[in-house]
Protein chains: 2
Amino acid sequence: MKIEQAARQLEALGNTTRLELYRVLVRAGTAGLAVGHVQEKLAIPASTLSHHLRRLVDTELVERERQATTLICRASYPHMQALIGYLADECCADANCRPVSGATALPAADGASQGRIKGC
Amino acid sequence: MKIEQAARQLEALGNTTRLELYRVLVRAGTAGLAVGHVQEKLAIPASTLSHHLRRLVDTELVERERQATTLICRASYPHMQALIGYLADECCADANCRPVSGATALPAADGASQGRIKGC
DNA sequence: AGCCTATTTCGAGTATCATCGAATTATAGG
DNA sequence: CCTATAATTCGATGATACTCGAAATAGGCT
């Protein structure tokens with residue numbers, strides 16, 4: 001993962017409203033959630049929600065799929081995992097940094113690792 | 001971890017310059033790196049660097065320690081791990097992520113950094 | 001077509017961020 | 001005390017973000 005993309009994704013998550021939005025979507029699971037339902041949960045104006053949603057979609061952290069007149073939103077687990085893997089790589093560059101659990105096993109699929117100290 | 005703190009830390013990392021700065025510090029390991037040396041590596045004006053450094057320090061992702069006239073900066077691994085744990089928790093809230101124990105009871109959960117990233 | 005619901009885009013106001021030179025503080029040494 | 005070095009704070013400028021109401025678009029129903 002390029003550092004610019006990681007930064008863009010982190011910035012997208014680095015806003016309380018968007019992080020709450022993302023959390024709602026994650027907890028909705030693979031079924032996803034209609035924009036309207038998200039709005040009910042977050043209780044913010046539709047235009048504000050749409051604005052934040054777009055940031056998450058633009059950075060690939062969330063996917064949108066149309067179902068008739070409603071749009072279903074889903075958190076993109078692979079992209080989040082790639083991001084977590086990237087952060088874990090950064091964090092684990094130092095030898096004395098022991099992983100909490102399997103976090104560093106994540107990046108493998110997406111090539112997030114930049115060849116630093118692996119298997120930390 | 002509160003969602004506001006997580007958002008603040010993510011926002012702090014969500015800037016290419018700061019992410020590069022953080023990466024430099026992580027790779028410097030526990031020995032840390034003097035601000036001046038970081039500046040040489042990043043090749044940005046001192047005042048700009050100081051500004052970004054402050055953001056990372058304010059969000060507790062980086063620690064500063066004075067040694068005579070120079071300031072040594074160190075990445076704070078525990079705080080980064082807590083952040084990664086929080087993100088992993090968010091990610092693993094969904095059933096298809098094979099949550100360990102009561103991972104779905106996220107809302108009040110604060111056990112961010114304790115091994116629940118299992119099969120995610 | 002005409003209408004209805006769901007959602008986005010537009011536009012504008014306010015707020016926060018990023019950048020960088022100049023001035024300032026902090027510490028050590030002569 | 002005076003000077004030198006290290007790093008921060010100040011101040012100003014341009015850019016970008018956040019918010020939200022109003023208007024526009026998309027899709028389905030009658």
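Scope of the values below: all heavy atoms of this structure, side chains included, with no hydrogens, waters or symmetry mates. Everything numeric here is computed off the predicted structure, so don't read it as measured data.
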Please report, rounded to the nearest Å, how far the [atom2] atom of [N] is from the [atom1] atom of [X].
X       : N      : atom1 : atom2 : answer
A:Leu19 : D:dC18 : CG    : C1'   : 16 Å
A:Leu21 : D:dT19 : CG    : C1'   : 15 Å
A:Ile72 : C:dT7  : CD1   : C1'   : 12 Å
A:Leu49 : C:dT7  : CG    : C1'   : 9 Å
A:Arg8  : D:dT16 : CZ    : C1'   : 14 Å
A:Glu20 : D:dC18 : CD    : P     : 14 Å
B:Arg54 : C:dC20 : CZ    : P     : 18 Å

Ordered by number, residues from residues 57-68 of chain A within less than 4.0 Å of DNA chain D (heavy atoms) are A:Arg66, A:Ala68
Could you grab the distance from atom [atom1] of [X] to atom [atom2] of [Y], nearest 0.5 Å is fine?
X       : Y       : atom1 : atom2 : answer
B:Thr70 : B:His37 : OG1   : NE2   : 8.0 Å
B:Arg23 : B:Arg27 : CZ    : CZ    : 5.5 Å
A:Cys73 : A:Glu63 : SG    : CD    : 10.5 Å

Between the main-chain N or O of A:Arg55 and the side-chain N or O of A:Thr59, is there a donor-acceptor pair closer than 3.5 Å?
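At least one qualifying donor-acceptor pair exists.
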Between B:Tyr22 and B:Val62, the two heavy atoms sitting closest are CD1-CG2, 4.0 Å
Looking at every non-hydrogen atom in both residues, tell me the closest pair between B:Tyr77 and B:Gly29 and how far apart they are.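 Result for this residue pair: OH-CA, 3.5 Å.
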Out of [options], which has the shortest distance to the side chain of [X]?
X       : options              : value
B:Thr70 : D:dT8, D:dA6, C:dT8  : D:dA6
A:Leu71 : C:dT8, D:dT8, D:dG28 : C:dT8
B:Leu53 : D:dT8, C:dT27, C:dT8 : D:dT8

*Are there more than 12 heavy atoms of other residues, nucleotides or ligands under 6.0 Å from atom CZ of B:Arg74?*
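Enclosed: over 12 neighbouring heavy atoms sit under 6.0 Å from CZ of B:Arg74.
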For A:His52, the side-chain hydrogen bond (donor to acceptor under 3.5 Å, both in side chains) test, sequence neighbours excluded, returns A:Arg18
Between the protein and nucleotides 17-19 of chain C, are there any N/O to N/O pairs under 3.5 Å, and if so, what are the atom names and distances?
| unit_1 | atom_1 | unit_2 | atom_2 | d |
| --- | --- | --- | --- | --- |
| C:dA18 | OP1 | B:Asn15 | ND2 | 3.0 |
| C:dA18 | OP1 | B:Arg18 | NH1 | 3.4 |
| C:dA18 | OP1 | B:Arg18 | NH2 | 3.2 |
| C:dA18 | OP2 | B:Arg18 | NH1 | 3.1 |
| C:dA18 | OP2 | B:Arg55 | NH1 | 3.1 |
| C:dT19 | OP2 | B:His52 | NE2 | 2.5 |

* Asked: Does OP1 or OP2 of D:dA6 have a side-chain N or O of B:Thr69 closer than 4.0 Å?
  ->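 Negative; the distance criterion is not met.
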Please determine which of B:Gln39, B:Lys41, B:Glu40 meets the side-chain contact (heavy atoms from CB on, under 4.5 Å) test together with B:Leu33.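 For B:Leu33, the side-chain contact (heavy atoms from CB on, under 4.5 Å) test succeeds with only one of B:Gln39, B:Lys41, B:Glu40, which is B:Lys41.
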